[in-house]
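Below you'll find the structure, written out as structure tokens, and then a few comments.
FYI, side chains are in, hydrogens and waters are out, and symmetry mates aren't considered; it's all heavy atoms of this structure. Counting starts at 1 for both ligands and their atoms, in listed order.
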Amino acid sequence: MKAKELEITGWGRFPRAKSLALRPEKPAAAAAAVRARPAGGLVAHGGGRSYGDAALNDNGHVLLTRRLDRILAFDPERAELVCEPGLTVTELQDFLIPRGFMLPAVPGTGFATIGGAVANDVHGKNHDRHGSIGDHLRWFELLTADGDFRRAGPEDDPALFAATIGGVGLTGVLITLCIGLLPAPSNAVRVTEMRADNLDHFLRLLTQYRERATYSVGWIDVLARGERFGRGILEIAEPAAESVPVRAGRRVRVPLDMPGFILNRWSIGAMNACYFHRIPALGRDRVVPLGQFFHPLDRVLDWNRMYGRAGFHQFQCVVPDAQAETGIRRLLEAVGESRAGSFLAVLKTMGGAGKGYLSFPMRGFTLALDFPARPGVRELMAALEAITLEHGGRIYLAKDSCLSPDGFARMYPALPELRNVLSRVDPQGVFESDLARRLHIRGDQP
Ligand SMILES: Cc1cc2nc3c(=O)[nH]c(=O)nc-3n(C[C@H](O)[C@H](O)[C@H](O)COP(=O)(O)OP(=O)(O)OC[C@H]3O[C@@H](n4cnc5c(N)ncnc54)[C@H](O)[C@@H]3O)c2cc1C
């Protein structure tokens, strides 16, 4: 297989990496690539929807997995699917929903692959009820550094299983995955949208609905001040009994890199006000197709170009329940003081810890924000990291490009267990990434 030189980025388009890319069509070709000991190491790259450097390997190799895209078995009796890693969430949902099933954890973009979803242990809008994708993983086959395939599951090499769920591709390349499914009574959800007047109101609503609703997700207006500080919109949803017609719905594309100054406090403030008032004061109900509910942003292709050529940083943390009220308030205040704006600001609840050593979830409240890569943003990210740590929280590696190695080690206490597994299955460090080097995940940096 011939390697091709590519410049690759994550969804945030920061940082950028020059790598030699391999695109296997069969597991055997992927194994041959690993056995060849690629110079500069290797990391799997799925849909490229992690924001920072998790799927990058500057001056080394990346293994593009999109062509490993076969469904191998579907068993409605056992509610399980066996497939290759390069299928996207949307491709799998399109296969499953007409057959009465769906993925148990669906991230906010359908362009993520299932391999990438497991490697970040992704969560959806139903985390309180159904957990993250790793909670539903029954077993997998992993291509490891020796070029062999190893099978792992909760009883079959449980340490390798836990190291790979959320393991950001460092244990090897997921080649086959067996996933437990949820029933899907129809192709739609009944959604209720309601306004939250301020942060206290928002946290009360989220607390109330995390127990009652199958799905819940909040959008927060980070620029609102005074009595309206922390206002936003909460969406809750339940599976609908009846399907709805799905219109092919035209996708639009952002055709070029927008000048960076277009997204500023004033333009974001105006968009936020419109977005908030879109929902009547008494709320509204509607039935929408699952794809539209799960992936509202996927209708605009290349929306990351809105942030300009320099790209943007995403920040997502989770703060445990007991510290959430002060933690989320302090985070939003720090954003306000920095005078940075974020249109895409999401507040959700999480139900409990994931099964992976580096799984992000913990019981608490999670806040996600986007900031254009501009002078001053790194200082803001450092301040947000410090507040997250002070409140016992952690930052999500799938979204990260700025976390410090020290902050990382304090946020992820099971890191020593991951390192034990890595020293067993990949003692030479064949699997490498920019994220692993930046955060000293292997622990062998000075
Ligand atoms: C608009 C948007 C909304 C999002 N919403 C959510 C959300 O609601 N919840 C959530 O949890 N996440 C969310 N994400 C993040 C996204 O779901 C994760 O980053 C996911 O991992 C992306 O999958 P990917 O295939 O694009 O992976 P990539 O970005 O290509 O890779 C991510 C990691 O997975 C590893 N990897 C990929 N394939 C394999 C494989 N076959 N074997 C081993 N390792 C592999 C890579 O090495 C890398 O470490 C969102 C992202 C975007 C852009």
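Within a 6.0 Å sphere centred on CZ of Arg190, other residues, nucleotides and ligands contribute 12 heavy atoms or fewer. Counting heavy atoms of neighbouring residues, nucleotides and ligands inside a 6.0 Å radius, atom CD of Glu7 exceeds 12 of them.
Protein heavy atom at the shortest distance from atom 39 (C) of ligand 1 is Ala44 CB, 3.5 Å. Remark: minimum distance from atom 16 (C) of ligand 1 to any protein heavy atom is reached at Arg49 O, 3.9 Å. Of the protein's heavy atoms, Ala119 CB, 3.4 Å lies nearest to atom 35 (C) of ligand 1. Looking only at protein heavy atoms, the nearest one to atom 19 (O) of ligand 1 is Ser50 CA, 3.1 Å. Remark: minimum distance from atom 42 (N) of ligand 1 to any protein heavy atom is reached at Leu174 N, 2.8 Å. In this structure, the protein non-hydrogen atom closest to atom 4 (C) of ligand 1 is Gly108 N, 3.7 Å. Of the protein's non-hydrogen atoms, Lys399 CE, 3.5 Å is the one closest to atom 14 (N) of ligand 1. Protein heavy atom closest to atom 43 (C) of ligand 1, with residue, atom name and distance, is Gly172 O, 3.4 Å.
Put simply, the side chain of Glu238 gets close to the backbone of Thr214: a donor and an acceptor are under 3.5 Å apart. Of the possible donor and acceptor atoms, none in the side chain of Gln316 sits under 3.5 Å from a partner among the backbone N and O of Leu369. Judged by distance alone, the side chain of Arg210 and the main-chain N or O of Met350 form a donor-acceptor pair under 3.5 Å.
The Trp303 neighbourhood of ligand 1 comprises atoms 1 (C), with distances under 4.0 Å to a heavy atom of that residue. Interface of His45 with ligand 1, defined as ligand atoms under 4.0 Å from a residue heavy atom, comprises 30 (O). Numbered from 1 in the order shown, with element, the atoms of ligand 1 that lie under 4.0 Å from a heavy atom of Val43 read 47 (O). Interface of Pro85 with ligand 1, defined as ligand atoms under 4.0 Å from a residue heavy atom, comprises 41 (N). Counting the atoms of ligand 1 from 1 in the order shown, those under 4.0 Å from a heavy atom of Ala398 are 19 (O). Within the listing of ligand 1, atoms 10 (C), 11 (O), 12 (N) sit less than 4.0 angstrom from a heavy atom of Tyr396. Below 4.0 Å from some heavy atom of Tyr51 lie the following atoms of ligand 1, by number and element: 1 (C), 2 (C), 51 (C), 52 (C), 53 (C). Per-residue contacts place Trp11 under 4.0 angstrom from the following atoms of ligand 1 (heavy atoms of the residue considered): 53 (C).
Within the set Gly110, Gly116, Ala105, the minimum heavy-atom distance to atom 37 (C) of ligand 1 is found for Gly116.
At least one heavy atom of Lys348 sits under 4.0 Å from some atom of ligand 1. For Gly10, the heavy-atom gap to ligand 1 stays at 4.0 angstrom or more. Between His295 and ligand 1 there is no heavy-atom distance shorter than 4.0 Å.
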*With side chain to side chain donor-acceptor pair (under 3.5 Å) as the test, would you mind laying out the steps for Thr349 and Asp128 before giving the verdict?*
CA-CA 7 Å; Thr349 52; Asp128 279 281; 2.4 Å; yes

_Is there a side chain to side chain donor-acceptor pair (under 3.5 Å) between Glu235 and Thr192? Walk through the geometry before answering._
CA-CA 6 Å; Glu235 276 183 38; Thr192 303; over 6 Å; no

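Residues Thr113 and Thr88 have side chains that never bring a donor and an acceptor to within less than 3.5 angstrom of each other.
Geometrically, ligand 1 and Thr65 share no nitrogen or oxygen pair separated by less than 3.5 Å. The shortest N or O to N or O distance between Gly46 and ligand 1 is under 3.5 Å. Checked against a 3.5 angstrom limit, the closest N/O atoms of Gly47 and ligand 1 fall inside it. Looking at Val122 next to ligand 1, no N or O pair under 3.5 Å apart turns up. Residue Phe111 has no nitrogen or oxygen atom sitting less than 3.5 Å from a nitrogen or oxygen atom of ligand 1, judged on distance alone. Inclusion of Asn120 in the set of residues having an N or O under 3.5 Å from an N or O of ligand 1 is warranted.
Here the CG-NZ distance, from Leu20 to Lys18, works out to 11.5 Å after rounding to the nearest 0.5 Å.
Checked options Leu332, Val335, Val318, Val346; the residue passing with Leu367 is Leu332 (criterion: side-chain contact (heavy atoms from CB on, under 4.5 Å)). A ring pair (Phe, Tyr, Trp, His ring centres under 6.0 Å) with His313 is found for one member of Phe14, Phe371, Trp11 and no other, namely Phe14.
Remark: aromatic rings of Phe74 and Phe101 are close, center separation under 6.0 Å. A distance of 6.0 Å or more separates the ring centres of Tyr412 and Phe360. Annotation: Phe294 is in aromatic contact with Tyr215 [ring centroid separation under 6.0 Å].
Taking the side chain as every heavy atom from C-beta outward, Cys178 and Leu81 never approach each other to under 4.5 Å.
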